[in-house]
Amino acid sequence: MCKESPRIYFEDDYCAVVYKLNGENAQTFFTPLFPHKPFIAPVNRLDTPVSGIMLLAFSAQAQTLLSQAFKTGSVEKEYWAICKKKEELNSAADSKISCTAPVLYKKEFCENYLEFNTKLQKAVVTESRQRGKKASLYWQLAGIGDNYNFLRIFPETGRTHQIRIQLSYLGMPIKGDIKYGFARTEKSGGIRLHAQSLKFEHPETKKQIEVSALPSSPDTLWSACIEACLKAKELED
């Protein structure tokens, strides 16, 4: 982590990885962190109510190279989410829990075609491959709380609101996300979705850069999710 700011997790002359709080605008929040940079552009974006790490480029060339890496799927991304409990999912998990603990649940694949309504600022799942854009991700049950499921998500594409609509379509809307089916908002105004890690090839050195960040100032619920997701990562390794 960069010593100059706890929100800068990686920085050199070409790019940076920074932490976005929920509620911040993904296209502007980082400007005060780099007052002397003549060029700063976000390579990926997070929805306003989402927290986590974002990649920035310090030149047009670096932005082009890193953006292309996202488009080709060579950037590895992991998100964590706290979702509405899905009873069928938990029932299936109970048999595993009774046999052994902790449990490494398998990753499940989800693919849909999405349309985005710019007027409503909302994505919908469509059966039309002509109108929709393909959206795919893997998700993994990391843990089960009293009222929520804790998930790890690995997007393969980067469609607008993709994780939010796809989890909702699976019957697991993200806590606080009333736009996509959760019953109540969060007091913070955000939703319980966090961009936890990025792994990418540096545009100049070609070295693999891997950065991760936990949710900042976690409450009891986030702490439970963090514990479950870290255990799942440990079992996976």
Side-chain angles (χ1 to χ4, degrees), residues 1 6-7 9 17 19-24 26 44 46-54 76-94 96-97 100-110 137-155 161-199 210-237:
M1 185 182 295
R7 297 185 64 177
Y9 280 68
V17 178
Y19 190 99
K20 174 191 166 306
L21 300 170
N22 72 59
E24 291 184 320
N44 65 316
L46 299 178
D47 297 341
T48 298
V50 178
S51 65
I53 53 177
M54 280 181 48
E76 296 179 24
K77 300 163 283 184
E78 179 173 342
Y79 288 71
W80 293 350
I82 300 172
C83 300
K84 179 181 177 180
K85 219 170 186 181
K86 189 174 183 180
E87 292 308 321
E88 313 92 274
L89 183 62
N90 298 327
S91 297
D94 284 343
K96 291 186 178 182
I97 293 172
T100 180
V103 176
L104 178 63
Y105 300 104
K106 71 175 183 177
K107 291 179 181 176
E108 306 284 352
F109 183 68
C110 177
L137 57 77
Y138 285 89
W139 63 273
Q140 179 189 43
L141 178 65
I144 301 171
D146 292 337
N147 299 300
Y148 304 100
N149 287 334
F150 306 131
L151 303 185
R152 300 171 68 203
I153 303 105
F154 310 89
H161 294 189
Q162 175 183 335
I163 297 173
R164 299 165 65 183
I165 182 62
Q166 288 193 281
L167 291 185
S168 179
Y169 191 74
L170 289 169
M172 299 180 287
I174 297 166
K175 188 176 188 300
D177 197 358
I178 59 171
K179 179 171 280 192
Y180 291 106
F182 199 82
R184 302 177 302 280
T185 59
E186 288 276 283
K187 291 180 180 179
S188 67
I191 63 175
R192 298 290 182 136
L193 179 62
H194 177 75
Q196 191 268 336
S197 69
L198 277 177
K199 185 177 180 180
E210 186 169 6
V211 182
S212 62
L214 300 178
S216 63
S217 305
D219 58 8
T220 302
L221 191 55
W222 263 129
S223 295
C225 181
I226 291 168
E227 182 180 2
C229 290
L230 288 178
K231 282 183 179 178
K233 288 173 79 79
E234 184 179 334
L235 288 172
E236 191 174 61
D237 295 338

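This chain uses plain numbering: 1 for the first residue, then up along the sequence.
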Problem - Heavy-atom neighbours of F154 CZ exceed 12 at 6.0 Å - result: yes
Handout entry: Which atom of A142 lies closest to which atom of A232, heavy atoms considered
Key = CB-CB, 4.1 Å
Exercise for the section: Taking the side chain as every heavy atom from C-beta outward, state whether C110 and Y169 have any pair of such atoms under 4.5 Å apart. Expected result: no
Practice task
Identify the heavy atoms of I53 and A213 that sit nearest to each other, and give their distance.
Solution key: CG2-CB, 3.6 Å
Fill in the blank from the handout: Heavy atoms of M54 and K20 approach each other most closely as SD-CD, 3.9 Å
Practice task
Kindly indicate whether the side chain of W139, heavy atoms from C-beta on, has any atom under 4.5 Å from the side chain of L170.
Solution key: yes
Problem - CG-CG distance between N147 and L221, expressed to the nearest 0.5 angstrom - result: 8.5 Å
Practice task
Identify the heavy atoms of L141 and Y105 that sit nearest to each other, and give their distance.
Solution key: O-CD1, 2.8 Å
Practice task
Starting from the C-alpha separation in whole Å, work towards a yes-or-no answer on side chain to side chain contact (heavy atoms under 4.5 Å, CB included) for D177 and S168.
Solution key: CA-CA 9 Å; D177 197 358; S168 179; over 6 Å; no
Practice task
Indicate yes or no: at least one non-hydrogen side-chain atom of L214 is less than 4.5 angstrom from one of W80.
Solution key: yes
Handout entry: Ionic contact status for D219 with R192, cut-off 4.0 Å
Key = yes
Problem - Contacts of K107 that satisfy salt bridge (Lys or Arg N to Asp or Glu O under 4.0 Å) - sequence neighbours left out - result: E236
Problem - K199 and E78 ion-paired at < 4.0 Å - result: no
Problem - Heavy-atom side-chain contact between L198 and E210 under 4.5 Å - result: no
Handout entry: Spatial distance of atom SG (C229) from atom CD (Q196) [nearest 0.5 Å]
Key = 8.0 Å
Exercise for the section: With side chain to side chain contact (heavy atoms under 4.5 Å, CB included) as the test, would you mind laying out the steps for I191 and I82 before giving the verdict? Expected result: CA-CA 9 Å; I191 63 175; I82 300 172; over 6 Å; no
Handout entry: Gap separating the OG1 atom of T185 from the NZ atom of K179, nearest 0.5 angstrom
Key = 13.5 Å
Exercise for the section: Measure from the side-chain N and O atoms of K175 to the backbone N and O of R184, and report whether any donor-acceptor pair falls under 3.5 Å. Expected result: no
Fill in the blank from the handout: Distance col, row H194:NE2 vs S51:OG, nearest 0.5 angstrom, shows 5.0 Å
Problem - Pairwise side-chain contact, N149 with K86, heavy-atom cut-off 4.5 Å (strictly under) - result: yes
Problem - Close side-chain approach of K85 and I144, heavy atoms under 4.5 Å - result: yes
Problem - Partner residues of K84 under the salt bridge (Lys or Arg N to Asp or Glu O under 4.0 Å) criterion, sequence neighbours left out - result: none
Exercise for the section: With sequence neighbours left out, write down each residue that passes side chain to side chain contact (heavy atoms under 4.5 Å, CB included) with S216, or none if nothing qualifies. Expected result: Y19, L21
Exercise for the section: Can you see which heavy atom on F150 is nearest to which on G145, and at what distance? Expected result: CE1-N, 3.8 Å
Fill in the blank from the handout: Contacts of D237 meeting salt bridge (Lys or Arg N to Asp or Glu O under 4.0 Å) (sequence neighbours excluded), chain-then-number -> none
Handout entry: By side chain to side chain contact (heavy atoms under 4.5 Å, CB included) - contacts of D47 (at least two apart)
Key = P49, V50, H161, R164
Completion exercise
Heavy-atom nearest pair, E186 first then G176, reads CG-CA, 3.7 Å
Problem - Contacts of type salt bridge (Lys or Arg N to Asp or Glu O under 4.0 Å), residue E227, not counting sequence neighbours - result: K231
Handout entry: Value rounded to 0.5 Å, distance of CD1 in I174 from OH in Y148
Key = 13.0 Å
Handout entry: Validation row: L167, Y180 side chains within 4.5 angstrom (heavy atoms)
Key = no
Practice task
Would you give the length of the straight line joining atom CG of L193 to atom CD1 of I163, rounded to the nearest 0.5 angstrom?
Solution key: 5.0 Å
